[in-house]
Amino acid sequence: MEILALKTFEKVAKEGGVLAAAKQLNTVQSNVTTRIQRLEEELGTRLFSRKGRGLELTRPGRVLLDYAEQILQLERQAGVAVRLAGKGAAEIKIGAMETFTATHLPPLLGALRECCPKLKPQVMAATTAELVRAVLDHHIDCAFVAGPINHSDLISMDVLSQELVLVQPKKLIAAENLVLFREGCVYRNKALQWARYYRDNRYGLSELGTLEGILGCVAQGLGVTLMPRNVVALSVYREQLTLEALPDELAIVPTVLIRHRSTPRLKVIESLLDSLRWLPDQPAVG
């Protein structure tokens with residue numbers, strides 16, 4: 001099986017059709033169709049079946065997709081390792097929660113670039129649920145997420161702990177909304193738990209996609225939220241907000257670095273772990 005054929009197969013599987021895959025691969029539909037047909041001939045089985053106007057994986061196709069994702073991740077990581085060993089430019093794909101991206105990732109990437117000058121980090125900011133899935137699907141090399149994470153296919157390393165606080169407007173306004181990140185955010189789940197057990201579910205729900213958007217809305221009296229204390233301290237809205245401590249079972253949320261168990265540990269990941277020791281609040285690395 002050729003790498004190009006596996007890349008094409010993966011794109012068709014993810015996009016659900018030849019046309020969409022061809023656009024992603026920057027090629028024509030006939031090339032995609034030919035590669036899939038040759039792959040099916042080589043394996044002696046059909047990998048896709050028709051479903052309406054699109055394609056869906058057959059059972060053998062689903063089996064192959066799992067292996068293809070691992071093979072393509074290994075192929076990419078091998079290229080990273082070889083280029084770094086030869087002092088060449090290389091990419092690493094790092095995922096991080098929005099809060100970690102805003103507070104800890106910039107100095108971390110700076111320290112990483114100091115020890116690996118030719119490194120080209122690509123950053124994916126998303127919710128914990130999205131990042132876990134991206135690591136499991138071999139789309140990124142590692143991710144900083146809210147823990148604990150217990151999954152047999154993942155290796156998890158403690159990085160630091162965040163203290164969540166209740167964030168309210170200084171204005172005396174009866175704010176009856178929770179202003180939160182979208183589904184998949186651990187802090188969102190904590191806020192819903194707080195509302196359920198401590199405020200009798202009296203709050204409505206508003207969703208926003210950015211930290212400053214959430215804190216800005218709270219500052220204007222449009223609701224309350226739960227957010228790490230250090231994130232609020234760095235916000236442009238900090239003077240318009242008040243913070244209230246939470247019970248321990250809600251307040252402490254660990255941040256962990258996860259990677260897939262099936263892929264080898266790159267030296268650049270070890271450099272990433274070393275760089276963590278230079279973060280401002282000196283997190284413990286496990």
Side-chain angles (χ1 to χ4, degrees), residues 14 24 73 76-77 80 90-113 116 119-149 151 154-164 167 178-192 206-218 225-238 253-260 263 266 268-269 271-273 275-276 278-281 283 285:
K14 297 296 186 183
Q24 289 288 319
Q73 176 77 340
R76 192 179 63 78
Q77 288 191 337
V80 171
E91 294 180 349
I92 181 174
K93 296 181 179 180
I94 302 172
M97 301 176 293
E98 190 82 27
T99 50
F100 192 89
T101 301
T103 56
H104 292 95
L105 196 59
L108 174 60
L109 293 179
L112 186 60
R113 289 294 294 274
C116 303
L119 191 67
K120 296 180 179 179
Q122 293 185 8
V123 177
M124 172 185 177
T127 66
T128 288
E130 291 168 332
L131 293 169
V132 168
R133 175 48 53 192
V135 173
L136 287 171
D137 289 343
H138 303 280
H139 292 160
I140 56 179
D141 296 298
C142 59
F144 293 95
V145 300
I149 299 294
H151 194 290
L154 297 176
I155 294 175
S156 176
M157 293 161 280
D158 293 336
V159 175
L160 53 81
S161 291
Q162 298 271 45
E163 181 200 359
L164 288 185
V167 186
L178 283 173
V179 188
L180 306 173
F181 283 112
R182 60 190 181 279
E183 193 73 38
C185 173
V186 170
Y187 300 153
R188 171 197 174 103
N189 295 339
K190 289 279 189 178
L192 293 175
S206 298
E207 295 183 355
L208 291 173
T210 66
L211 290 172
E212 288 304 294
I214 291 173
L215 294 176
C217 285
V218 173
T225 192
L226 266 61
M227 195 72 71
R229 184 182 292 274
N230 64 331
V231 170
V232 182
L234 293 173
S235 173
V236 296
Y237 299 105
R238 59 186 177 276
V253 181
T255 296
V256 298
L257 177 65
I258 59 171
R259 65 181 180 87
H260 203 288
T263 55
L266 289 169
V268 69
I269 300 295
S271 298
L272 185 65
L273 291 172
S275 299
L276 288 170
W278 298 98
L279 290 179
D281 49 2
V285 179

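Everything quoted here is computed from the prediction, not taken from an experiment.
- Taking A102 as the reference, L211 meet the side-chain contact (heavy atoms from CB on, under 4.5 Å) condition, with sequence neighbours excluded.
- Residues T255 and T99 form no side-chain contact, since every pair of their non-hydrogen atoms from C-beta on lies 4.5 Å or further apart.
- Annotation: side-chain hydrogen bond (donor to acceptor under 3.5 Å, both in side chains) contacts of E212 (sequence neighbours excluded): S235.
- Atom CG in L164 sits 10.5 Å away from atom CZ in R229 (nearest 0.5 Å).
- With values rounded to the nearest 0.5 angstrom, K120 atom NZ is found 9.0 Å from R113 atom CZ.
- K14 contributes atom NZ, which lies 12.5 Å from atom CD of Q24 (distance to the nearest 0.5 angstrom).
- Of the possible polar contacts, none joining the T225 side chain to the V167 backbone as a donor-acceptor pair under 3.5 Å is found.
- Under the salt bridge (charged side-chain N to carboxylate O under 4.0 Å, His left out) criterion, E98 pairs with no residue at all, not counting sequence neighbours.
- Annotation: side-chain hydrogen bond (donor to acceptor under 3.5 Å, both in side chains) contacts of R238 (sequence neighbours excluded): none.
- Contact record, T128 with A146: OG1-N, 3.1 Å, taken as the closest heavy-atom pair.
- Scanning both residues, V253 and G147, for their nearest heavy atoms gives CG1-O, 4.1 Å.
- Legend: residues meeting side-chain contact (heavy atoms from CB on, under 4.5 Å) with C185, ordered by chain and number and at least two apart, are T127, F181, Y187, R188.
- The heavy-atom pair separating A126 from E130 by the smallest distance is CB-OE1, 3.2 Å.
- Partners of R133 under the side-chain hydrogen bond (donor to acceptor under 3.5 Å, both in side chains) rule, at least two apart in sequence or in another chain, are D137.
- What you find for L160 and Q162 is that their closest heavy atoms are CD1-CG, 3.8 Å.
- Side-chain contact between H104 and V159 is absent, with no heavy-atom pair separated by less than 4.5 Å.
- Between L108 and I94, the closest side-chain pair of non-hydrogen atoms is not below 4.5 Å.
- Between V179 and C217, the shortest heavy-atom distance links the atoms CG1-CB, 4.2 Å.
- For L154, the side-chain contact (heavy atoms from CB on, under 4.5 Å) partners at least two apart in sequence or on another chain are V132, V135, L136, I149, H151, I258.
- Note that CZ of R182 and CD of E207 are 9.0 Å apart. Values are rounded to the nearest 0.5 Å.
- Shown here for M227 and L215, the closest heavy-atom pair between the two residues is CE-CD2, 4.2 Å.
- Every residue meeting the ring pair (Phe, Tyr, Trp, His ring centres under 6.0 Å) condition with H138, not counting sequence neighbours, appears here in chain and number order: H260.
- We find the CG-CG distance between L180 and L226 to be 8.0 Å, quoted to the nearest 0.5 Å.
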